[in-house]
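Inspection log for the structure reproduced underneath, given as structure tokens.
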Amino acid sequence: MEKIIIIGAGPAGIAASLYAVRAGMTPLVLYKDEGSLKKAHLIDNYYGSPSVSGAELHEEGIEQARALGVPVKKAEVMSIDWNGDFTVTTDNGAFEAEAVVLASGASRKAPAIEGLSEFEGSGVSYCVACDGFFYRNKKVLVLGNEDFAAHEAGELSYIASDVTIITNGKQNMFSKENSFPIKNEKIKRIAGADRVEYVEFTDGEKIYTDGIFIAEGTAGSTEFARRMGAEISGTNIKVDDGMRTNVPGLFAAGDCTGGLLQVSKAVYEGVVAGTSAVKYIREKDEGGK
């Protein structure tokens, strides 16, 4: 079992890893890609770096962590479960840890589909672990075109009677074959009376359903936190001044906590989260003394 797992290798995640390892506790860093940092063509307002691209800063951070002995592994996190300790399930196996730092960026924005926001909470959900129970033996749709959507469909298959993946016109990006029916046509609208009743596509077809689970792209920090019972404010994870959530051993840093979406803010929060995670483990090992 790992002492600390950090989800995300951006400024917040790498800063957390640097301060954890310098305090004598080597964390495991898991990440899928560069996140929002890769969109920064040029960063010229960061201390000590008058001109650097986001991609360059990302790579330099990872190399800095690896030079200190931090294992940084590329793996897409599908889910995190908590029962006193944490189980982090990825597309390349599962890992256990005593503490987790969420630093994989801000929550995804909802896709622009007519009727989607209207039916949030009334047939439209963003969390299988939270709401899947309410769709026992019912027909559901999963919106997404990558591995996260396939994972959520798999989880729903144990609950719902019928599961179909809809991609809203996007190309299939699944790394593995799955057995679920897939509808690739673009969505025209989500419709119903008091609750979702069907999805209409631009080719005129309608799929009647009891619910739709949004799983576009990859799961973000907010999705993971919500599933474990962490407090959420809007799309942001609520933390205290030590970057602690209300879930013991769960910390969050960077864009997922809201505020300024800046590298400097992410680095600061990562430093605090990494330090707090080390303190949490030490106090736990000492019996809370």
Side-chain angles (χ1 to χ4, degrees), residues 7 76-91 94 96 100 102 104 107-111 113 115-168 174 178-183 187 190-199 207-238 245-250 252 256:
I7 313 299
E76 181 178 351
V77 176
M78 301 296 185
S79 64
I80 306 175
D81 298 307
W82 176 75
N83 62 355
D85 290 319
F86 298 86
T87 300
V88 180
T89 302
T90 77
D91 60 354
E96 295 184 336
V100 165
L102 296 174
S104 59
S107 179
R108 303 183 309 276
K109 291 183 178 179
I113 298 173
L116 188 145
S117 60
E118 176 186 347
F119 290 105
E120 287 179 350
S122 297
V124 171
S125 173
Y126 295 83
C127 181
V128 170
C130 307
D131 300 330
F133 176 81
F134 301 110
Y135 293 89
R136 288 171 296 170
N137 302 317
K138 294 185 177 182
K139 185 175 181 179
V140 297
L141 302 174
V142 176
L143 173 58
N145 66 317
E146 298 184 44
D147 287 343
F148 177 51
H151 175 269
E152 297 295 82
E155 293 297 306
L156 283 165
S157 69
Y158 295 104
I159 305 167
S161 61
D162 185 278
V163 181
T164 298
I165 295 175
I166 54 177
T167 70
N168 193 27
F174 307 111
N178 66 74
S179 59
F180 300 103
I182 300 175
K183 171 75 172 177
I187 297 169
I190 298 170
D194 296 328
R195 290 185 57 83
V196 169
E197 295 177 8
Y198 64 87
V199 174
I207 295 182
Y208 288 84
T209 185
D210 296 298
I212 304 167
F213 287 83
I214 311 302
E216 285 198 325
T218 60
S221 294
T222 302
E223 286 79 18
F224 296 136
R226 182 182 287 113
R227 293 176 186 206
M228 287 180 279
E231 292 184 29
I232 307 296
S233 177
T235 59
N236 302 321
I237 303 171
K238 292 184 69 173
T245 71
N246 60 303
V247 176
L250 182 65
C256 63

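Here the structure is a predicted model, which is why all the values come from computation and not from measurement.
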### Query
Looking at Ile165 and Phe174, what are the two nearest heavy atoms and their distance?
CG2-CZ, 4.0 Å
### Query
Shortest non-hydrogen contact from Lys138 to Ala160?
O-CB, 3.1 Å
### Spacing of Glu197 atom CD and Ile207 atom CD1 [to the nearest 0.5 Å]
15.0 Å
### Euclidean distance, Ile7 CD1 relative to Leu102 CG, rounded to 0.5 Å
6.5 Å
### Query
Should Val140 and Ile159 count as side-chain neighbours, where that means a heavy-atom distance under 4.5 Å?
no
### Task
Side-chain contact test, heavy atoms from C-beta onward, threshold under 4.5 Å: evaluate it for Ile232 versus Ile237 and give yes or no.
yes
## Note on the structure
Between Glu216 and Phe148, the two heavy atoms sitting closest are O-CD2, 4.4 Å
### Query
When rounded to the nearest 0.5 angstrom, what is the spacing between CD1 in Ile212 and OH in Tyr126?
10.0 Å
## Note on the structure
dist Asn168:CG -> Lys183:NZ (nearest 0.5 Å) comes out at 11.5 Å
### Message
Return the CZ to CG distance between Arg136 and Asp210, rounded to the nearest 0.5 Å.
### Response
13.0 Å
### Message
Determine whether a donor-acceptor pair (N or O, by modelled atom type, separation under 3.5 Å) exists between the side chain of Ser233 and the backbone of Lys238.
### Response
no
### Summary
Closest non-hydrogen atoms of Thr167 and Gly144, given as atom of the first, atom of the second and distance, are CG2-O, 3.6 Å
#### Entry: Derivation and outcome, side-chain contact (heavy atoms from CB on, under 4.5 Å), residues Met228 and Ile80
CA-CA 8 Å; Met228 287 180 279; Ile80 306 175; 3.6 Å; yes
### Query
Distance-only, no hydrogens or angles: does the Thr245 side chain make a donor-acceptor pair with backbone N or O of Leu250 under 3.5 Å?
yes
### Message
To the nearest 0.5 Å, what is the distance between CD1 on Ile190 and CD on Glu120?
### Response
9.5 Å
### Message
I'd like to know whether Leu141 forms a side-chain contact (heavy atoms from CB on, under 4.5 Å) with Phe213, so could you lay out the CA-CA distance, the side-chain angles of the two residues, the decisive distance to 0.1 Å, and finally the verdict.
### Response
CA-CA 6 Å; Leu141 302 174; Phe213 287 83; over 6 Å; no
### Main-chain N/O of Gly220 paired with Glu223 side-chain donor or acceptor, under 3.5 Å
yes
#### Entry: Nearest heavy atoms of Ala150 and Asn178, plus distance in Å
CB-ND2, 4.2 Å
### Query
Taking side chain as C-beta onward, heavy atoms only, is Leu116 less than 4.5 Å from Ile214?
yes
### Message
Show, in sequence, the C-alpha distance, side-chain angles and deciding distance for Val199 and Ile113, and conclude whether the side-chain contact (heavy atoms from CB on, under 4.5 Å) test is met.
### Response
CA-CA 10 Å; Val199 174; Ile113 298 173; over 6 Å; no
### Task
Provide the closest heavy-atom pair for Ala94 versus Thr87 in the form atom of the first, atom of the second, distance.
CB-CG2, 4.4 Å
### Query
Would you say Asn137's side chain and Ser161's backbone share a donor-acceptor pair under 3.5 angstrom?
no
### Query
Does Ser122 reach the main-chain N or O of Phe119 with its side chain, forming a donor-acceptor pair under 3.5 Å?
no
### Criterion side chain to side chain contact (heavy atoms under 4.5 Å, CB included) against Met78, the qualifying member of Thr90, Val88, Asp147
Asp147
### Task
Look at the side chain of Ser221 and the backbone N and O of Ser104, then say whether any donor-acceptor pair between them is shorter than 3.5 Å.
yes
### Message
When you measure from the side chain of Asn246 to the backbone of Gly229, do you find a donor-acceptor pair of N or O atoms at a distance under 3.5 Å?
### Response
yes
